[in-house]
Amino acid sequence: MDRCLSDTFAIEFKTALRNLKAAILSGALLLALSVTAGAQQAEKVYRIGYLTNAPGMRKDTEVKFQGALHKLGYRIEKNTVLEWRFSKGQLNRLPDLARELVSLKVDCIVAMGIAPTRAANQATTTIPIVMGNADDDPVRQGLIASLARPGANITGITNIGSDLAGKRLELLKETIPSLSRVAILWDPRGPGGAGHARESEAVAPALGLRLQRLEIRLPGDLDDAFQAAVKGRVEALVVVTTAAINSHLPRILNFAANARLPAMYTNSRPVDNGGLISYSDDPVARIRRAAEFVDKIFKGAKPADLPVERPVKFELVINRKTAKQIGLTIPPNVLVRADKVIR
């Protein structure tokens with residue numbers, strides 16, 4: 001009887017041991033599969049194309065875009081590759097640069113401006129395109145169906161730069177109540193500059209302003225523009241800071257200072273460097289949102305279903321030191337509205 005019980009116990013022990021080994025093997029297999037799956041997921045590397053007409057890396061846009069991606073968990077050269085393409089103010093280079101990005105099979109293209117967005121759209125209708133800084137109405141430009149439902153492969157942010165043209169003229173008029181003659185310095189080759197000129201001309205008569213166009217296509221046009229401004233006895237200047245114009249900013253700032261000419265800029269960068277006044281959206285908020293659009297797309301959202309965003313915050317920046325240098329007193333009602341005053 002004892003032997004029978006012993007045999008039974010031995011059999012049950014062996015069975016339990018086999019079951020334990022099977023359970024351990026199964027657990028190890030599941031663990032291995034889990035690790036493999038995690039490794040495969042970690043191996044995903046996102047490739048982002050960045051297309052701009054700018055001259056190169058800038059702290060207030062490109063560097064901040066990279067930083068915004070980092071905060072969202074994208075690590076450069078680890079799980080993310082950024083393909084930078086700068087046309088350096090040469091709009092005719094944008095189509096080739098856009099095709100380069102498509103040939104690299106990027107997962108998304110961030111296009112900074114209407115002209116880069118159009119070039120990207122002509123190069124691909126399937127790769128998602130995020131407008132990081134549309135400087136004219138993308139609906140009017142035929143790039144999207146509507147802001148709420150963009151359709152196709154384009155979404156992102158518009159800075160409504162051209163829509164602010166009237167507001168900038170109003171601010172100039174408030175700053176200089178006697179103002180009657182204003183010149184607009186712009187590059188007619190791009191849609192962004194054209195939009196600013198168009199909207200400025202539409203608003204100027206109601207403000208009692210005569211608007212003089214100063215077109216800059218080539219570097220040599222700048223001297224002619226300065227001479228035309230002096231000859232036309234303009235009393236203020238609006239500088240549309242598209243990429244081509246940005247490359248001439250040191251000369252423009254120097255001219256405005258020497259001519260004691262008040263100048264309004266379409267972004268704050270020139271004011272930080274000696275320009276008088278600017279009115280624009282918040283560039284830091286805009287570039288952060290562009291990174292968030294990219295993140296949403298990588299997580300499965302379709303560009304066609306992501307509404308295009310317009311800025312909700314705008315900044316009036318005034319350089320009071322420059323105003324003093326050119327002999328201009330900023331009225332208190334304008335100064336009190338400034339978001340930033342450089343002293």
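Counting from 1, the numbers follow the sequence of the chain as shown. The figures that follow rest on heavy atoms only: side chains count, while hydrogens, waters and symmetry mates do not.
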Indicate yes or no: at least one non-hydrogen side-chain atom of [X] is less than 4.5 angstrom from one of [Y].
X	Y	result
Ile297	Pro303	yes
Leu328	Thr322	no
Ile157	Ile287	no

Report the residues that fulfil ring-ring contact (aromatic ring centres under 6.0 Å, His included) with Tyr50, sequence neighbours left out, ordered by chain and then residue number.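 By the ring-ring contact (aromatic ring centres under 6.0 Å, His included) rule, Tyr50 matches Phe65, Trp84.
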Quick test of your reading of the model: are [X] and [Y] salt-bridged, counting only N-O distances below 4.0 Å?
X	Y	answer
Asp223	Arg251	yes
Asp136	Arg198	yes
Asp96	Arg93	no
Glu83	Arg47	yes
Asp305	Arg149	yes

Between [X] and [Y], what is the shortest heavy-atom contact and its length?
X	Y	answer
Thr158	Arg310	CG2-CG, 3.7 Å
Val106	Ile48	CG1-C, 4.3 Å
Ile326	Ala256	CG2-O, 4.4 Å
Ala236	Leu261	N-CD1, 3.7 Å
Leu72	Ala291	CD1-O, 3.6 Å
Asn53	Gln90	OD1-N, 3.4 Å

Lys/Arg cation over aromatic Phe86: Lys88, 6.0 Å, 45° cone: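 Here Lys88 fails the 6.0 Å and 45° test against Phe86.
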Heavy atoms from other residues, nucleotides or ligands near CZ of Arg233 exceed 12 (cutoff 6.0 Å):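 Result for CZ/Arg233: open.
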For the atom pair CG (Leu211) and CG (Leu209), what is the distance rounded to the nearest 0.5 Å?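 Leu211 atom CG to Leu209 atom CG measures 8.0 Å (nearest 0.5 Å).
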Strictly by modelled atom types, are Thr241 and Thr266 linked by a side-chain donor-acceptor pair under 3.5 Å?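 Checked: Thr241/Thr266 side chains pair up, N/O donor to acceptor below 3.5 Å.
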